[in-house]
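Heads up: the structure comes next, in structure tokens.
Every number for a ligand or one of its atoms is a count from 1 in the order of the listing. Everything numeric here is computed off the predicted structure, so don't read it as measured data. Side-chain atoms are counted along with the backbone in the values below, which use heavy atoms only and exclude waters and symmetry mates.
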Amino acid sequence: MAERRAEISRKTNETSVSVRVDIDGKGTSKISTGVGFFDHMLDQLARHSLIDMEIEVKGDLHIDDHHTVEDTGIAIGQAIAKALGDRRGITRYASLDLAMDETMTKAAVDISGRPFLVWNVAFSAPKIGTFDTELVREFFQALAQNAGITLHILNHYGANNHHIAETCFKAVARVLRAATEIDPRQADRVPSTKGMLA
Ligand SMILES: [Mn+2]
């Protein structure tokens with residue numbers, strides 16, 4: 001089995017992002033984006049996907065968090081796509097309902113090579129602390145687009161916006177873990193009748 005690791009460095013006038021991932025990791029993370037709440041969410045993403053992540057971002061936070069969050073999503077997506085290579089042997093599909101206190105959120109993924117986000121989550125406040133809640137969608141849109149995955153996120157219910165955001169990250173983490181796992185019954189094959197997924 002080849003190592004499923006990758007590194008992406010991306011620099012624009014708005015941000016400088018470097019990301020390293022190891023799909024077959026232990027969920028360790030070293031994350032510094034300059035946005036506290038976002039760091040907390042990315043920690044959850046690494047921890048519950050078991051994908052090791054090193055993420056360092058210097059963004060134009062004097063404007064707002066938008067470019068930093070979106071460009072981090074782009075780079076993580078690109079790193080995951082690169083690490084997965086031709087997607088040979090993967091389980092491909094996974095879905096999960098994840099509970100956290102009063103909140104319940106579903107994530108479903110197809111590691112398909114077909115980028116698509118279905119976002120069915122509403123926040124009841126524009127901010128969590130200083131973090132714009134609308135950036136949660138921006139992150140997952142960038143991730144799905146650049147990882148080449150179909151991703152559906154549905155919040156069934158919930159009252160606390162921190163919990164709603166956190167269940168999105170944890171649920172996506174768990175389905176990424178399951179769907180990128182090697183399926184021993186088809187470890188040498190790309191799981192598509194087309195013969196390709198990348
Ligand atoms: Mn939390």
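A 6.0 Å sphere centred on CZ of R10 holds more than 12 heavy atoms belonging to other residues, nucleotides or ligands.
Screening residues 153-172 for ring pair (Phe, Tyr, Trp, His ring centres under 6.0 Å), with sequence neighbours left out, gives F37-H162, H40-H162, F139-F169, F140-F169. Sorted by first and then second residue, the salt bridge (Lys or Arg N to Asp or Glu O under 4.0 Å) pairs with a member in residues 165-188 read E166-K170; sequence neighbours excluded. Identified under the side-chain hydrogen bond (donor to acceptor under 3.5 Å, both in side chains) test for residues 128-140, with sequence neighbours left out: K127-D132.
The minimum heavy-atom distance linking I153 with C168 is given by the pair CG2-SG, 3.8 Å.
Counting only protein N, O or S atoms, 3 lie closer than 2.8 Å to the Mn ion (ligand 1).
In the hydrophobic clustering of ILVMFWY residues, with side-chain heavy atoms under 4.5 Å counting as a link, L50 and I80 come out apart.
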